[in-house]
Amino acid sequence: MRINSGRCVGCRICMSYCPIEAIKYEDDERKCVIDEDECVECYVCYRAKMCPKEAFEKVPLEWPRIIRHTFSSPKKVQRSQLETPISGRGTEEMKTNDVTGRYRFGEVGFTIDVGRPGVGTRLQEAEKIAMAIARVGVEFELFNPFSSLMSDRQTGKLRDDVKKERVLSCIIECKTTMDKLPLVLDVLRNVAKHVDTVFSVGCICRVNDDGTIPVKEALDKIGVSYRPNGKINIGLGKPQAHP
Amino acid sequence: MTHTLHRRGSIESLSNDFLVQIVTSKHVEGSKTSRNHSLSLSIKKAAGKLIDKYFNQFPNIKTEIEKILLKLPPAPRFFKNFENKIIRSFISPLRVFNTKSEFITYLGELKKADLGSSVVVSGLFKEIDECLERINIRPHTVQFSLGVFGTVDRLPEEKILEMTTMCGHHLISPRLVKKLVKDIKDDRITPERAAELLGKQCICGAFNKARAVKLIQAYLLHDET
């Protein structure tokens, strides 16, 4: 995205809209410019149509910059010949677990939303997290856009050409056995001290037939707090996966 | 996507904030053929464009048509799949509800319609559990939010996060929230209008405007003290 400097009158209305403050005002030019390095190509500024002079212009996105757009814009406007092998920002995760059987009894799933809420992240920061949890033996989700950028899914290492790209958020999706939940959380708490971003963590599990929730019990046991709100797949999907 | 998982707020402010997502899996266990059959996908895209052009701009009409579609009598088995595809193309993949009764009614309709799509609900666990029990639905899979890690000092204040985290993809700028709050204080707009303008940035529809109005009013009070 770019601001046409010939059209921009420096009203600064647009600066309120950018979710990661990538639009700056240049005092000497008295115009607004987009910091291309910070911009995540989410197109919020373009879609909002707030500019009285229609100064926002789409710039054709090629690889690897198109990754920013793929991860940051829920409505993909641009397409490129080279894109992330798997489109979008995240996957179906637990939303279709009744049908896919992705998370089974005895397993715990993690969704690590790197850059969220609203800070954004370079993919190399997400790589640090992925590599840290890979060391304790998690299994990364195959059909996940972030996983599709890994050069080595065993270690969580990313392709070199994508590491510097900045996105609004990307989701690391993985799972492991329930007994490893405390270990993974320890690793996440540790790696949190070494990343230059924020990340939001979600924990997923099947509900037992008797209604008990293994993740809840495990978190209560180790004294880890969780929010009072969350998500529930209510099991209406068909055909139902084998548990 | 986790987009409805990490909504911030106190238990009081999250009360009666329910979301329902309908998701049809592209990856069916044991299925030999992918659902991304090109013809089926083309039809779905074309239907989506038509609906977007003619119905999404009129949310009240769309809601009424959705109600009718969900109440259709069960089709003969041969046509059931086709009927389900039409209904799934039309109905909103994500709906927000502000009362337990509306939430329960809608879930009941989805259960009866038997669309075959997965349904995910978001909200306070205690309230959701009560509602699911009323219509005899048992949870299948649960996702908990463990909060935010990392450089949390970069986050805006909590009162702003309560609003921005309602957008499923975090497209609402904290600066926009502050600007609109200032506009309200300067008597340029109402809290309702501010909520509308914030909601316009959220494409997925997870933003709860009614809740936003309450949050904005609470923020104004907090700002004054």
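In what follows, every chain begins at residue 1, and chains take the letters A, B, ... in the order their sequences are listed.
- Nearest heavy-atom pair across B/Ser118 and A/Lys95 is CB-O, 3.1 Å.
- Shortest non-hydrogen contact noted between B/Thr24 and A/Glu92 is O-OE2, 4.3 Å.
- Residue B/Ile137 holds its CD1 atom at 5.0 Å from CG of A/Leu236, rounded to the nearest 0.5 Å.
- The structure places NE2 of B/His140 at 10.0 Å from CE of A/Met94, a figure rounded to the nearest 0.5 Å.
- Taken to the nearest 0.5 Å, the NZ atom of A/Lys231 stands 10.5 Å off from the CZ atom of B/Phe125.
- Note that CZ of A/Phe71 is 12.5 Å distant from NE2 of B/His169, once rounded to the nearest 0.5 Å.
- When all heavy atoms of B/Leu176 and A/Tyr17 are compared, the closest pair comes out as CD1-CZ, 3.9 Å.
- Contacts with chain A were tallied for B/Lys200, B/Lys179, B/Lys126, B/Glu127; B/Lys179 has the most, counting heavy-atom pairs under 4.5 Å.
- Salt-bridge annotation for A/Asp210 and B/Arg138: absent, with no side-chain N of the basic residue lying under 4.0 Å from a carboxylate O of the acidic one.
- Within a 6.0 Å sphere centred on NZ of A/Lys175, heavy atoms belonging to other residues, nucleotides or ligands number more than 12.
- Heavy atoms from other residues, nucleotides or ligands lying under 6.0 Å from CD of B/Glu196 number more than 12.
- In terms of heavy-atom pairs under 4.5 angstrom with chain A, the leader among B/Val121, B/Val152, B/Val23, B/Leu180 is B/Val121.
- Among the candidates A/Ser225, A/Gly211, A/Gly118, the residue making the largest number of heavy-atom pairs closer than 4.5 Å to chain B is A/Gly118.
- At distances below 3.5 Å, at least one donor-acceptor pair connects side-chain atoms of B/Arg154 with backbone N or O atoms of A/Asp196.
- In B/Asn136, the CG atom is not crowded: 12 or fewer heavy atoms of neighbouring residues, nucleotides or ligands sit closer than 6.0 Å.
- The part of B/Ile128 that comes within reach of chain A is its side chain, from C-beta onward, which places non-hydrogen atoms under 4.5 angstrom from that chain.
- At a 4.5 Å heavy-atom cutoff, the contact between A/Cys18 and chain B is made by backbone atoms alone.
- By number of non-hydrogen pairs under 4.5 angstrom with chain B, the leading residue of A/Ser16, A/Cys42, A/Ala192 is A/Ser16.
- Distance CG/B/Leu5 to OG1/A/Thr111: 6.0 Å, rounded to 0.5 Å.
- Only the side chain of A/Leu168 has a heavy atom closer than 4.5 Å to any heavy atom of chain B.
- Contacts between A/Ile234 and chain B at a heavy-atom distance below 4.5 Å involve backbone atoms as well as side-chain atoms.
- Contact of B/Asp129 with chain A is made through the side chain alone, with heavy-atom distances under 4.5 Å.
- In this structure, chain B has no heavy atom under 4.5 Å from any part of A/Ile20.
- Residues A/Arg116 and B/Thr165 come closest through the heavy atom pair NH2-O, 4.3 Å.
- Between chain B and the residues A/Val198, A/Ile232, A/Val195, the most heavy-atom pairs under 4.5 angstrom are made by A/Ile232.
- Put simply, of A/Glu125, A/Met15, A/Arg189, the one with the most heavy-atom pairs under 4.5 Å next to chain B is A/Met15.
- Ranked by non-hydrogen atom pairs under 4.5 Å with chain B, the options A/Ile129, A/Leu185, A/Val207 are led by A/Val207.
- Of the residues considered (B/Val142, B/Thr164, B/Leu124), B/Val142 shows the highest number of contacts with chain A, using heavy-atom pairs under 4.5 Å.
- Looking at A/Asn208, only its backbone comes within 4.5 Å of chain B, counting heavy atoms on both sides.
- Residues A/Pro19 and B/Pro174 share a closest heavy-atom pair of O-CD, 4.2 Å.
- Taking chain B as the reference chain and counting heavy-atom pairs below 4.5 Å, the highest number among A/Gly109, A/Gly235, A/Ser200 is found for A/Ser200.
- No side-chain heavy atom of A/Phe199 sits under 4.5 Å from any side-chain heavy atom of B/Val148.
- A distance of 11.5 Å separates OG of B/Ser15 from CG of A/Asn229, quoted to the nearest 0.5 Å.
- Atom CD of B/Glu133 has 12 or fewer neighbouring heavy atoms from other residues, nucleotides or ligands inside a 6.0 Å radius.
- For CD1 of B/Ile11, the number of neighbouring non-hydrogen atoms (other residues, nucleotides, ligands) closer than 6.0 Å is 12 at most.
- Residues A/Pro117 and B/His170 approach most closely at CB-NE2, 3.4 Å, considering heavy atoms.
- A donor and an acceptor atom, one from each side chain of B/Thr141 and A/Asn233, are nowhere located under 3.5 Å apart.
- Counting non-hydrogen atoms of other residues, nucleotides and ligands closer than 6.0 Å to NZ of B/Lys111 gives a total above 12.
- No donor-acceptor pair under 3.5 Å is formed between the side chain of A/Arg47 and the backbone N or O of B/Ile203.
- The 12-atom threshold is not exceeded at NZ of B/Lys178, counting heavy atoms of other residues, nucleotides or ligands nearer than 6.0 Å.
- For residues 206-231 of chain A, the set of pairs meeting the ring pair (Phe, Tyr, Trp, His ring centres under 6.0 Å) definition, not counting sequence neighbours, comprises A/Tyr226-B/Phe144.
- Sparse packing is recorded around NZ of A/Lys216, with 12 or fewer heavy atoms of other residues, nucleotides or ligands lying under 6.0 Å away.
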